[in-house]
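By convention in this document, chain letters (A, B, ...) are assigned in the order of the sequence lines, proteins followed by strands, and residues within each chain are numbered from 1. Hydrogens, waters and symmetry mates play no part in the numbers below; they use all other heavy atoms, side chains included.
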Amino acid sequence: MAKNFHYLDSTGKPHDIVIEDNDLNLVATDRRISDEKLKSKPTTFFKDALRRFAKNKSSVAGAIILGIILLVSFILPSLSPYPVDVDRAYEKKLLPKLFDTGTGWWDGTTMMNDITCDFDWEKYDEDGTYSGLPADVLERDIVGGQKSIEYTKVGDVKVDTYSQYGRGGSLRLWTFDSATDYVAELKSPSPIIYDMSMFDYQVDFTVPAFSATALGEKGQWAFVIKDSVSYDGEHYYETVLRDYSTEDGDFSIDLQIYESEIASYTSPYFLFRVKSSSTANENMLLSKFALSYGANANNMLVDTNTLIDDANAIMGNQAWKTNAGQLNIYQADIVRCNFRFDSYQNHYGDRNWPLSSTEIRNYIKKGYYEATEEDLTTLLNLGSSMKSSDIAAFKAKMVYKGEGEAKSPIRLEYDDFAITKKSAGGKTVVEFSATVSFYRYLGYDAMPKFLFGTDDYGNAIVTKTFSGLRVSLLLGIITSAVCFIFGLIWGSISGYFGGWVDIAMERFCEILGGLPWIVLMTIAIIKFGQSPVVFAMALCLTGWMGTASITRTQFYRFKDREYILAARTLGAKDTRLIFRHILPNAVGTIITSSVLMIPSVIFSESTIAYLGLGLQGMNSLGVILADNQQFITTYPALIVFPSVIMALMMISFNLFGNGLRDAFNPSLKGAEQ
Amino acid sequence: MVKYTIQRIVLAIITAFIVLTMTYFLMYLLPYSKPIGTDNARIAYYLSQAAKGYVWYYSTPQKNGLELLECLTTSDGMTTYYFYRVPAHVQYFKWLTNVFTKWEWGTSVQIQANADAMAIIASRIGTTIKINIWPVIISVPMGIALGVWAALKKNKLTDHIISTVIMIFISVPSFIVITFLLLVFVYNTGWLPARWPTQMQIQSDPSMAVKGYIIPVMALSFGSICGYCRFTRAELTEVMSSDFLLLARTKGLTKRQTIVRHAMKNAMVPILPSILAEVIGLLGGSMILEQIYSIPGVGRLYVTAINMKDYNVLMADMSLYTTIGLLSGVFLDLSYGFIDPRIRMGAKK
């Protein structure tokens, strides 16, 4: 049917439009057209943030590294066969080792330079060959054996102190006339040490331009010792003058020094007295000098103090004068050497070691030798009636059997398996000793390799660092979680309600924030001890304020939005508004800040440990770093590895946190970069 | 503006006061360190403490809730002393009167016996300031210059390199940086001394006086440079994307003119207050650096006082740190107002 539309246009003219039925054509009558699903996928806030995060390559790298470190730190210490908290006395301070010994790098060896050498002077005197091991080093610890030691040339290195490995040198004595110095040259090499409790010294010296013959017979002159007890800080030594003599112009004094029971001391000194022939003075003191020495006689010093009674005495104008107190042995020859030191051989190599009968029984039980347990028991039961034939019989049975050669700690090829019978306190005690392969003795099947070495307690640095990291991380995560929850609640209340509540809470935060955290930490630690709980509490005390202030800011941003007003108009309660509307918007920034709190907690804890107030009993990263600081010169690997791990972790945390911050920043939504 | 200033300063003073009071009472909670020795020696010590007002003594036991320290009798058995610790509030008021009327902060017991605590601090502040001023002088221009460069070449190779280096140095804790510096410069090559040179070493080798500065200054500057660089870069990039700069460019200014005349001033706004705050923070010293490098400064004094439990020096030191912290906060806030006219006018951002 027709419809008639009548209207007036802008100028007032009337128009008529007629619409017929056939003007209207229905199209697509065979289909239902309704709303179609959106072609693009809907995205949530978090998915969008994840996409933004994934685009930022450095954050992804940071997250991956962080993930790896966390995974390793939680798994690795549990995999280690030995607990990290126990000291292992024989494996301290091993060097890092990855490759086999001899490659020169990362193989458990290090070059040791300028080590005093126990030089074989006699061999050198005979045929000029250089030989001798460095002091206190066994040949098995040197990579390449004796042939690879580089020696300094004899005569190139001279020292001005006494050394038991040195030779020669002189006692320099001065006169008034500096143009003619009398040099008393020491004739003997080192003093002869007979046994540890007595040192026999023979000090021979010549004074070339001045001969004792001028002084006349012995009896006209004498050496006397006064105040014979001296003290080196640990022991009292008494010096006894056994004899003195002269021969062809050489003076020689024989001394004996031994530990004394007398517990009061002065400094012993020698007097050289000459009877004057020009005056009637009987005991005219011409020279006085002292000898003093350290605990193992490595420093022999000559102190001279001249008391001249009459300068124009027997020697005319030649009186003996000091040179400012101490005169050392002067310019003695020593030889130094450079060599490559294998710390693994040093710790694990073959060595002669006392064994107990239980240990021998254990090894026999494992079937390494032909001997049986009954043989051992029979031997032990013999007691005081044990004869050398019984011992020899048992020893004959100690040969390898089965896997013995590969696995037995006792290395029979050195042929020094010794059984001795001693009687102590009425009982007979049987002592065994042999050369053992020390790593087998400690229980390893093969010589262990520590990738980054061990520290001063004998634990592998890798395991210790990661277990310390675990402790630090736990502390950080717990502290972060507590601060996060508390700060969130505080900030929400403060931000949501505003007004007087807000102002009061703000002031409280300011005052609490004004207390320097190091003050709080130290007071808490001094008062309550150094357990992890105290640490966590002290860190939480001021840590929540960061989260609280960020939450508060976020609340202020979202509080006045229209949708909040709309929800409130619809009758939503306060809690619903907070938890359903405001917080989900604010959560991005808050999560970022709490993630970034973890590294700062770890950093604070390390700082405190460095200042000496670290955790007791548990090793955390800071404690490990602080403990190893003292080895920075000698074993830098000990501090490099934990530092690198800590730096890596902090860097990746920061990258991750930055990425999170950019990802959750709503103003970047839709931005290209 | 003036009203705001006065408000902030008064608030800071009140906060400082409250904080110091709380600290004092917390320190009082720490156990009293009792002397050791013969009875007579201990009696003499307690009597000297009583003369300073920390201990009361009576000849009969008191029952009014005081904390009994010890009950000692002289060796001739003539006098019996009961030593009580002065209650917290009494000691606190005495301390307050001492500080405000006589500027007497107590005497040190362990660090330098019978020296005034403030005098000890004053003798060390000189070294701390001398060391800390150089990083500020070096790092501010360098940090800002690097930040500007990185912002101008944003997202190119230079920017990436600088950002990475900054990221590394910011993340790595300061003591690790110091350890590595020591490893490289002192123990491997031996150029620089491992400790702060003493007077004797300086006399024997005058160049040590300069060499001793190098490692501390380097260690402190790295952190500052990175902080300024990052800050400058962020601020400058944000300013460079704002509308008024676009307007300036369309009006015909070259890039260099827009940046120098307009962008830089806006970007510097947040940086200058932080420079100011850092200068004030100079007085605090860095505890870790001074501990590792054995510099006789204020930071090390703090650590030593804690370890030796010398409470008078500790209290004086803590007051110093608290005051510095609050002062720098106040200055920071006030200087924002001076530099940024928008805040001065009270406009909403």
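For a residue to count as touching a neighbouring chain, one of its non-hydrogen atoms must lie under 4.5 Å from one of that chain's; by this rule S58(A) does not touch chain B. For T164(B), no part lies near chain A; criterion is any non-hydrogen pair under 4.5 Å. For L20(B), no part sits under 4.5 Å from any heavy atom of chain A, backbone or side chain. Looking at F180(B), only its side chain comes within 4.5 Å of chain A, counting heavy atoms on both sides. Interface residue I639(A): only side-chain heavy atoms are found under 4.5 Å from chain B. In this structure, chain B has no heavy atom under 4.5 Å from any part of I602(A). With a threshold of 4.5 angstrom between heavy atoms, I176(B) approaches chain A through side-chain atoms but not through N, CA, C or O. When heavy atoms are compared at a cutoff of 4.5 Å, L11(B) approaches chain A solely by way of its side chain, counted from C-beta outward.
A 4.5 Å side-chain heavy-atom check between F603(A) and S174(B) finds at least one atom pair inside the cut-off. For the pair D502(A) and Y556(A), the minimum side-chain heavy-atom distance is below 4.5 Å.
With chain A as the partner, the residue from D317(B), L182(B), V172(B) showing the most heavy-atom pairs under 4.5 Å is V172(B). If you tally non-hydrogen atom pairs under 4.5 Å between each of Q291(B), M22(B), M167(B) and chain A, the highest count goes to M167(B). For the set P599(A), A647(A), S643(A), the count of heavy-atom pairs under 4.5 angstrom toward chain B peaks at S643(A).
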Check the pair F175(B), T607(A) against side chain to side chain contact (heavy atoms under 4.5 Å, CB included), reporting the backbone distance first and the verdict last. CA-CA 8 Å; F175(B) 50 86; T607(A) 312; 4.3 Å; yes
Trace of the side-chain hydrogen bond (donor to acceptor under 3.5 Å, both in side chains) decision for N132(B) with T128(B): CA-CA 6 Å; N132(B) 284 19; T128(B) 303; over 6 Å; no
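Ring geometry, W106(A) versus F452(A): the interplanar angle falls from 30° to 60°, so the pair is classed tilted.
Taking the ring axis of F169(B) as reference, the NZ or CZ atom of R230(B) does not stay both within 45° of it and closer than 6.0 Å to the ring centre.
For F341(A), the CZ atom is densely surrounded, since the number of other residues' heavy atoms within 6.0 Å is greater than 12.
Shown here for S620(A) and E605(A), the closest heavy-atom pair between the two residues is OG-OE2, 2.6 Å.
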